[in-house]
Amino acid sequence: MRIEGYEAGPLAAGEAMLSRPGFWAHHLLGICGDWRGAERPGPESFGGDGADVDALADTLLDPGWWPVFRVTASNGSGVVVYRNAVEDYGIDHLFVEPGRDAARRIVAWDADVSGAGLTWQDLLALADDPATTDEGVHDPAARLLLLLPLLADPAVPDGAPARVGAALAAVGAPEDTATSTAEFLLARLTSRAWHDPAWTSPLSGS
């Protein structure tokens with residue numbers, strides 16, 4: 001596998017990891033940051049436990065391979081790369097525009113988060129438009145959750161927690177807490193001061 005700008009990394013398809021216990025906790029707990037409140041979700045909120053997360057981390061964060069998760073749609077491809085570089089670990093969210101080979105990094109999660117992010121509507125556009133003829137992740141719930149850290153929209157609609165909660169339940173999170181977990185994640189994402197009021201999503205061509 002080759003992505004322009006990542007020639008030094010041992011990239012490999014990571015989609016098989018999505019079904020491993022602990023994956024979604026590992027992928028989404030980073031949104032919670034260092035929050036210490038009682039309502040902070042734990043691994044169990046995503047359908048796993050701490051042991052699952054720890055066991056998966058040995059594989060998912062191995063410097064010997066950088067797992068790549070592909071979310072291909074008609075309006076472009078979202079690509080998530082676990083950048084397992086020694087002393088430079090991070091999770092990069094890339095976007096490849098239709099008809100182009102070069103990937104553009106729009107969000108990077110390192111010690112902090114930086115980048116442009118996506119609006120809620122553009123996030124749904126990628127999640128709900130799987131290019132089933134291409135390799136990658138086709139399930140809309142998994143697509144939405146993989147790309148959820150890209151959200152940088154301060155005004156998500158009222159139905160957003162229900163949509164994210166349904167996606168969490170679909171990948172194994174407890175149904176009775178899925179919506180409250182979604183509310184917490186969305187509150188953390190939408191409270192980040194990434195942009196000025198004139199900001200629009202890079203997927204929208206701005």
Side-chain angles (χ1 to χ4, degrees), residues 12-71 78-86 88-93 107-115 117-118 120 123 127 136-152 156 160-192:
E15 287 86 9
M17 303 292 290
L18 301 185
S19 60
R20 294 275 299 273
F23 175 83
W24 293 110
H26 189 284
H27 188 68
L28 296 173
L29 276 174
I31 293 173
C32 304
D34 59 358
W35 184 267
R36 293 292 182 264
E39 71 273 26
R40 182 185 190 271
E44 295 79 7
S45 301
F46 301 93
D49 59 32
D52 292 330
V53 176
D54 291 343
L56 184 66
D58 290 338
T59 300
L60 196 58
L61 305 182
D62 182 353
W65 80 301
W66 296 9
V68 176
F69 304 89
R70 295 157 292 178
V71 181
V79 182
V80 181
V81 178
Y82 274 67
R83 176 172 30 88
N84 294 335
V86 176
D88 187 30
Y89 166 78
I91 301 176
D92 294 340
H93 293 260
V107 170
W109 289 75
D110 301 290
D112 201 353
V113 61
S114 62
L118 296 179
W120 173 254
L123 180 65
V137 182
H138 299 146
D139 176 63
R143 291 164 67 90
L144 177 63
L145 296 177
L146 271 173
L147 300 179
L148 186 63
L150 288 171
L151 182 65
V156 298
R163 174 64 194 270
V164 175
L168 288 168
V171 299
E175 293 187 8
D176 58 337
T177 60
T179 299
S180 61
T181 300
E183 290 172 344
F184 185 92
L185 295 174
L186 289 169
R188 294 289 290 171
L189 286 165
T190 57
S191 66
R192 292 185 181 274

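What's counted below: heavy atoms across the whole structure, side chains too, no hydrogens, waters or symmetry copies. It should be emphasised that the depicted structure is a prediction, and the values quoted were computed from it without experimental measurement.
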For Pro67 versus Gly14, what's the shortest heavy-atom pair and its separation? CB-CA, 4.1 Å

Spatial distance of atom CG (Leu185) from atom CG (Leu168) [nearest 0.5 Å]: 6.5 Å

Please report the interatomic distance NE2(His93) to CG(Leu151), rounded to the nearest 0.5 Å. 11.5 Å

Side-chain polar contacts of residues 53-65 - donor-acceptor pairs under 3.5 angstrom, sequence neighbours left out - could you list them?
from, atom 1, to, atom 2, distance (Å)
Asp62, OD1, Gly64, N, 2.8
Trp65, NE1, Thr59, O, 2.7

Return the orientation label for the Trp24 and His27 ring planes: parallel under 30°, perpendicular over 60°, tilted otherwise. perpendicular

Could you pull out the closest heavy-atom pair between Ala182 and Pro161, with the gap in Å? CB-O, 3.4 Å

When the side chains of residues 138-150 are checked against the rest of the protein, which donor-acceptor pairs come out under 3.5 Å, sequence neighbours left out?
from, atom 1, to, atom 2, distance (Å)
His138, NE2, Asp134, O, 2.8
Asp139, OD2, Ala141, N, 3.3
Asp139, OD2, Ala142, N, 3.0
Arg143, NE, Leu126, O, 3.3
Arg143, NE, Ala127, O, 3.0
Arg143, NH1, Thr72, O, 3.3
Arg143, NH1, Val137, O, 2.7
Arg143, NH2, Thr72, O, 3.0
Arg143, NH2, Leu126, O, 2.6
Arg143, NH2, Asp129, O, 3.4

For the CG atom of Leu28 and the CZ atom of Phe23, what is their distance to the nearest 0.5 Å? 8.0 Å

Output, in order, the C-alpha distance, side-chain angles, deciding distance and verdict of side-chain contact (heavy atoms from CB on, under 4.5 Å) for Arg163 and Trp120. CA-CA 11 Å; Arg163 174 64 194 270; Trp120 173 254; 4.1 Å; yes

I need the Phe69 CZ to Glu15 CD distance, nearest 0.5 Å. 7.0 Å

Atom of Pro43, atom of Ala25 and distance for their closest heavy-atom approach: CA-CB, 3.8 Å

Minimum-distance pair of heavy atoms, taken over all atoms of Ser45 and Pro174: O-CD, 3.6 Å

